[in-house]
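Numbering of ligands and ligand atoms starts at 1, following listing order.
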Amino acid sequence: MIAIDLHGRVALVTGASGGLGQAIAQNLAHAGATVAAHYHNGRPDAEALIARITQGGGRGQSFAADISDPESAAALIASVETALGGIDILINNAGADGTRATVGHDDTRAWEKVIGIDLLGPYYCARAVVGGMKERGRGVIINITSVHEFIPWSGYSAYTAAKAGLSMFTKTLAQETAASGIRVLAVAPGAIQTAINKEVWSQPQSLADLDQKIAMARLGQPTEIGQVIAFLASDLASYMTGTTIAVDGGMLIYPGFREGG
Ligand code: BGC
């Protein structure tokens, strides 16, 4: 039998108060990992997540930080390692898409804020864990990008730029660390049903429009990302590094071209 086994591994999930982060943390815990659930503003949700994990027989703890601040990110890594031990798995999940605004009608501070959370944050967290991972000769870093590392998205230039940047950061870090036993991957979710896109899926018209952009014609569920992450973080994926895995129900295969073109 093939099973995903993460017993004895410590996993930090950033943005674990959000829908995607909670599902990722739950799946890692189900596979046996001890989970550090990072949150910024969502303390009650992160604590409820840890309560569910521990009630189910798993282990975990929640940690607060602003990952877009280099000192706060470094302090987060230090507190997790003091409380739970060396981090074996880092899931850079925390992200924000910002307010929709086209270039020139946008706000530079808002642009910088998205880059701070979606690109600088993963960098700050990754740079703080690689030293320990190198010493231990093992580690997995998974950066959550988006189909928008590939697909342009009007009104979200900071988000698309951050996600495409995070994709190249993934590949470069993978190149730098492969010889030390560290694997670095990106996962690009498509439209997953969480609070981030509630405005779209809660209205029948915009939901129908979104479904048309997905070959499977439905939104994904957070656990469908969590399951893939658990596999990628495990030794079953031991020969994978430096690439993006899309988990998007076929958004990237241009379902609009099924007919015509
Ligand atoms: C965004 C979602 C969007 C999806 C597909 C994700 O990166 O966060 O809001 O539904 O991409 O466009």
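The pair R218-E224 meets the salt-bridge criterion, since a charged nitrogen lies less than 4.0 angstrom from a carboxylate oxygen. One finds a salt bridge joining R9 and D235 here, because a Lys/Arg side-chain nitrogen approaches an Asp/Glu carboxylate oxygen to under 4.0 Å.
Closer than 4.0 angstrom to ligand 1 lie heavy atoms from D97, S146, H148, W153, Y159, G190, A191, I196, N197, M251.
Side-chain N or O atoms of D209 include none that pairs as donor or acceptor with a backbone N or O of L207 at under 3.5 Å.
Applying the 6.0 Å contact sphere to CD of Q221 captures more than 12 heavy atoms from other residues, nucleotides or ligands.
Exactly one of V130, N143, L90, L120 qualifies for a side-chain contact (heavy atoms from CB on, under 4.5 Å) with C125. That residue is L90.
Between H148 and W153, the two ring planes are parallel [angle under 30°; tilted spans 30° to 60°].
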